[in-house]
Amino acid sequence: MSRARDLVPQVGFAAWETLCMRAGFAAVLWWEFPSLHQLPPAGAPLPFPHALAQWIDLTWALDAGAFAALRVALLAAAALYVAGVALPFAALTMLGCYMVAGTLRNSLGAIGHMHQLMTLVLLGQTLATWSWLVAHRSRTAWLGRAPAALHAHATRVTLQIIAASYVLSGITKLLTTDGEWLLQTRFAPVQLEKTRWQEFHNTLVMPETPLGDLVSRLCLEHGWVCVAFFGPGLLVELGAFAMLLGRVPALVAGGAIVLMHVLIALTMALDFLQNAAIVFLFAVNAPYWLTRRHVWRGWSAWKSMTRPV
Amino acid sequence: VNLAAAGLRHLQRWRWFYVAVLAGHLAQETFPFSHWPMYASFGSTTSYVYVSDADGQPVPHLAVLRVGSPTLKKRLNREAEQARAEAARHGQAIGVAESLRRGAARLLPELAARIAPADRARLRGLRLVFVNVADRQRVLVRTPETLAELTLPPLAAPGP
């Protein structure tokens with residue numbers, strides 16, 4: 001059985017680590033919550049009711065007062081979430097706020113992908129918290145402080161949700177193109193041109209994307225450059241499950257995903273800052289690595305080696 | 001036996017991962033689930049749309065229309081779908097180009113309604129322009145086409 005356990009290591013996150021993650025995630029949730037002007041206008045039926053809005057009337061939230069109350073509820077729940085108090089209700093409240101706002105935002109007739117990952121993480125954390133408390137028959141943790149073991153469990157579930165999203169993104173690419181996604185990347189300059197002009201029409205300022213311009217030019221001159229530049233992105237997505245294999249694989253897989261997002265932002269002027277931030281918080285887990293003595297010893301050794309004599 | 005035990009433990013510990021992959025794949029685009037179709041395929045042509053004033057000068061989407069360019073294109077596609085469905089209900093079969101034109105004509109009044117009075121006062125009309133971007137033997141070519149125009153009546157002068 002020990003070999004079986006080694007195949008699927010269960011990382012035990014310390015309480016202070018999960019506290020850092022919760023604080024960072026709460027900040028992302030607060031920062032990225034949509035504004036009222038990004039939602040359909042109040043007082044009219046939704047133009048294209050999406051998902052939950054097809055069955056439940058959510059237009060009450062479009063009233064300025066109701067939307068302000070939603071923001072207050074998110075803030076209060078985020079404070080409890082960071083403190084680790086009444087975790088099941090805090091997570092459920094934040095999930096509710098994001099479900100309402102995200103569903104309304106996607107009911108404008110265009111599906112955006114700004115809030116899916118963060119809402120899926122909230123859904124995972126809510127289900128993980130509720131199921132853990134029921135399974136452990138904990139009576140005190142429902143409203144009191146959650147134990148460190150629950151935070152660690154919620155973090156492991158969060159990593160699985162994040163990994164699943166990126167792996168599915170890679171699978172969708174392969175399914176949509178019958179496995180020919182890499183070959184199709186030779187047409188990526190067409191998309192780069194489109195996103196550049198779309199960004200221009202947003203503000204009437206042409207975005208500065210020197211890397212994108214260089215990649216586009218090289219791709220048009222040499223088709224293989226497209227495969228070499230975009231191919232690793234597919235591998236990074238399909239390999240995202242590695243973040244479930246332990247701390248070092250999570251650092252490597254998470255770092256690769258963050259780098260991929262940075263390169264997408266630099267080449268296509270498309271930023272998914274919130275997704276990169278979530279991966280950075282939960283998978284890269286910088287506070288853990290910054291507190292490892294051997295990391296600092298390695299850094300000192302490298303500095304002494306590179307110091308001019 | 002060890003392999004079976006490893007497999008079972010793997011499934012048990014990674015169950016959230018497998019459920020999330022399956023749920024996203026089955027639910028596709030049903031918030032909060034997604035199968036993440038962005039840039040899932042590349043073709044030799046693509047398109048984007050923009051809004052200009054009556055003289056053909058582009059209008060900044062975010063500041064004036066309070067909508068981003070990608071959303072604008074998705075909105076046009078949804079309106080075109082509805083126009084096609086509406087035509088089908090009346091026994092008409094319309095092509096992609098015609099459905100885009102009808103979709104644009106449906107979308108422009110809604111966009112005009114989003115414009116703040118200060119910006120609205122400066123505009124005499126709006127045009128929705130469709131731009132085709134194509135890879136023609138490794139040279140990128142953009143071809144614009146106006147899909148619909150909307151004349152905006154002058155705003156009433158403020159009362160005494």
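Proteins come first, then strands; the chains are lettered A, B, ... in the order of their sequence lines, and each starts at number 1. Values in this document were obtained by computation on a predicted structure and should not be read as measured data.
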Enquirer: Which one of A:A188, A:G223, A:P47, A:S165 has the most heavy-atom pairs closer than 4.5 Å to chain B?
Expert: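 The residue among A:A188, A:G223, A:P47, A:S165 with the greatest pair count is A:S165.
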Enquirer: Please identify, among A:L123, A:T172, A:T103, the residue contributing the most non-hydrogen atom pairs under 4.5 Å to chain B.
Expert: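 That would be A:T172.
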Enquirer: Keeping the roles fixed (side chain from A:H261, backbone from A:D271), state whether a donor-acceptor pair exists under 3.5 Å.
Expert: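 Side chain of A:H261 to backbone of A:D271: no pair is present.
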Enquirer: Kindly assign one of parallel, tilted or perpendicular to the pair A:H201 and A:W197, based on the angle between their ring planes and the thresholds 30° and 60°.
Expert: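 Plane angle between 30° and 60°, so tilted.
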Enquirer: OG of B:S34 to CD of B:Q28: how many Å apart, nearest 0.5 Å?
Expert: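 Nearest 0.5 Å value for the OG-CD distance: 8.5 Å.
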Enquirer: Is it the backbone or the side chain of A:V167 that comes under 4.5 Å from a heavy atom of chain B, or both, or neither?
Expert: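 For A:V167, side-chain heavy atoms alone lie under 4.5 Å from chain B.
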Enquirer: Contact part of B:T45 toward chain A, heavy-atom cut-off under 4.5 Å: side chain, backbone, both or neither?
Expert: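 For B:T45, the contact with chain A is made by the backbone alone.
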Enquirer: Taking the inter-plane angle between the rings of A:W132 and A:H153 on a 0 to 90° scale, is it parallel (under 30°), tilted (30 to 60°) or perpendicular (over 60°)?
Expert: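 Aromatic pair A:W132/A:H153 classed tilted.
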Enquirer: Within this structure, what is the CD1-CD1 distance for the pair A:I161 and A:I278, rounded to the nearest 0.5 Å?
Expert: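 Atom-to-atom, A:I161:CD1 and A:I278:CD1 are 11.5 Å apart.
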Enquirer: Got a donor-acceptor contact below 3.5 angstrom from the B:R84 side chain to the B:S99 backbone?
Expert: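 Such a contact is absent between B:R84 side chain and B:S99 backbone.
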Enquirer: Is it the side chain or the backbone of A:I111 that comes within 4.5 Å of chain B heavy atoms, both, or neither?
Expert: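 Contact with chain B is through both the backbone and side chain of A:I111.
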Enquirer: Considering only heavy atoms, which portion of A:M243 lies under 4.5 Å from any heavy atom of chain B: side chain, backbone, both, or neither?
Expert: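 A:M243 has no heavy atom closer than 4.5 Å to chain B.
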Enquirer: Sort B:Y39 into side chain, backbone, both or neither according to what part of it lies under 4.5 angstrom from a heavy atom of chain A.
Expert: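 For B:Y39, the contact with chain A is made by backbone and side chain together.
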Enquirer: Taking side chain as everything from C-beta outward and backbone as N, CA, C, O, which of these in A:A53 sits under 4.5 Å from a heavy atom of chain B? Side chain, backbone, both or neither.
Expert: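 It is neither, since no heavy atom gets under 4.5 Å.
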Enquirer: Is chain B contacted by the side chain of A:L117, its backbone, both, or neither, given a heavy-atom distance below 4.5 Å?
Expert: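 Contact with chain B involves both backbone and side-chain atoms of A:L117.
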Enquirer: Examine whether an atom of A:H50 lies under 4.5 Å from a heavy atom of chain B, and if so say whether it belongs to the side chain, the backbone or both; otherwise answer neither.
Expert: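 Looking at A:H50, just its side chain touches chain B.
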Enquirer: So which part of A:T195 gets closer than 4.5 Å to some heavy atom of chain B, the side chain, the backbone, both or neither?
Expert: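 For A:T195, the contact with chain B is made by the side chain alone.
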Enquirer: If I measure from the heavy atoms of chain B, does A:L175 come under 4.5 Å with its side chain, its backbone, both, or neither?
Expert: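 Only the side chain of A:L175 comes within 4.5 Å of chain B.
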Enquirer: Can you classify the ring geometry of A:H222 versus A:W224 as parallel (below 30°), tilted (30 to 60°) or perpendicular (above 60°)?
Expert: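 A:H222 and A:W224: tilted rings.
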Enquirer: Side chain, backbone, both or neither: which part of A:N106 has an atom under 4.5 Å from a heavy atom of chain B?
Expert: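 For A:N106, the side chain is the part near chain B, not the backbone.
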Enquirer: With a 4.5 Å cut-off on heavy-atom pairs, point out which of B:S41, B:G24, B:A23, B:A20 contacts chain A the most.
Expert: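 Highest number of pairs under 4.5 Å: B:S41.
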Enquirer: Of the non-hydrogen atoms in B:L128 and B:A104, which two are nearest, and what is the gap between them?
Expert: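 Smallest heavy-atom distance, with atoms named: CD2-CB, 3.4 Å.
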Enquirer: Between B:R66, B:H25, B:M38, who has the most heavy-atom pairs with chain A when the cutoff is under 4.5 Å?
Expert: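 Maximum pair count with chain A is reached by B:M38.
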Enquirer: Where on B:Q82 is there a heavy atom nearer than 4.5 Å to chain A: the side chain, the backbone, both, or neither?
Expert: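 Looking at B:Q82, just its side chain touches chain A.
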Enquirer: Tell me, for A:R186 versus chain B, whether the close heavy atoms (under 4.5 Å) come from the side chain, the backbone, both or neither.
Expert: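 Both backbone and side chain.
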Enquirer: Measure A:M99 against the heavy atoms of chain B and call it side chain, backbone, both or neither at under 4.5 Å.
Expert: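 For A:M99, the contact with chain B is made by backbone and side chain together.
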Enquirer: Just by distance, with hydrogens left out, do A:K173 and A:S169 show a side-chain donor and acceptor under 3.5 Å apart?
Expert: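 Present: a donor and an acceptor within the cut-off.
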Enquirer: Of the backbone (N, CA, C, O) and the side chain (C-beta and beyond), which part of A:S107 lies under 4.5 Å from a heavy atom of chain B, both, or neither?
Expert: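 Interface part for A:S107: neither.
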Enquirer: Against chain A, label B:V59 side chain, backbone, both or neither, depending on which of its atoms sit under 4.5 Å from a heavy atom there.
Expert: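 When you check distances to chain A, only backbone atoms of B:V59 fall under 4.5 Å.
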Enquirer: Might you point out which heavy atoms bring A:C97 and A:F33 nearest each other, and give the distance in Å?
Expert: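 So the minimum-distance heavy-atom pair works out to O-CE1, 3.6 Å.
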Enquirer: Look at B:T71, B:L140, B:V133 and state which one has the largest set of heavy-atom pairs under 4.5 Å with chain A.
Expert: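 Looking at each of B:T71, B:L140, B:V133 in turn, B:L140 comes out on top.
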Enquirer: Can you tell which part of A:Y98 gets under 4.5 Å to a heavy atom of chain B, answering side chain, backbone, both or neither?
Expert: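 The backbone, not the side chain.
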Enquirer: Can you tell which of A:A128, A:G102, A:C219 has the highest number of heavy-atom pairs within less than 4.5 Å of chain B?
Expert: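 Looking at each of A:A128, A:G102, A:C219 in turn, A:G102 comes out on top.
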Enquirer: With a 4.5 Å cut-off on heavy-atom pairs, point out which of B:Q12, B:E29, B:R114 contacts chain A the most.
Expert: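 Heavy-atom pair counts peak at B:E29.
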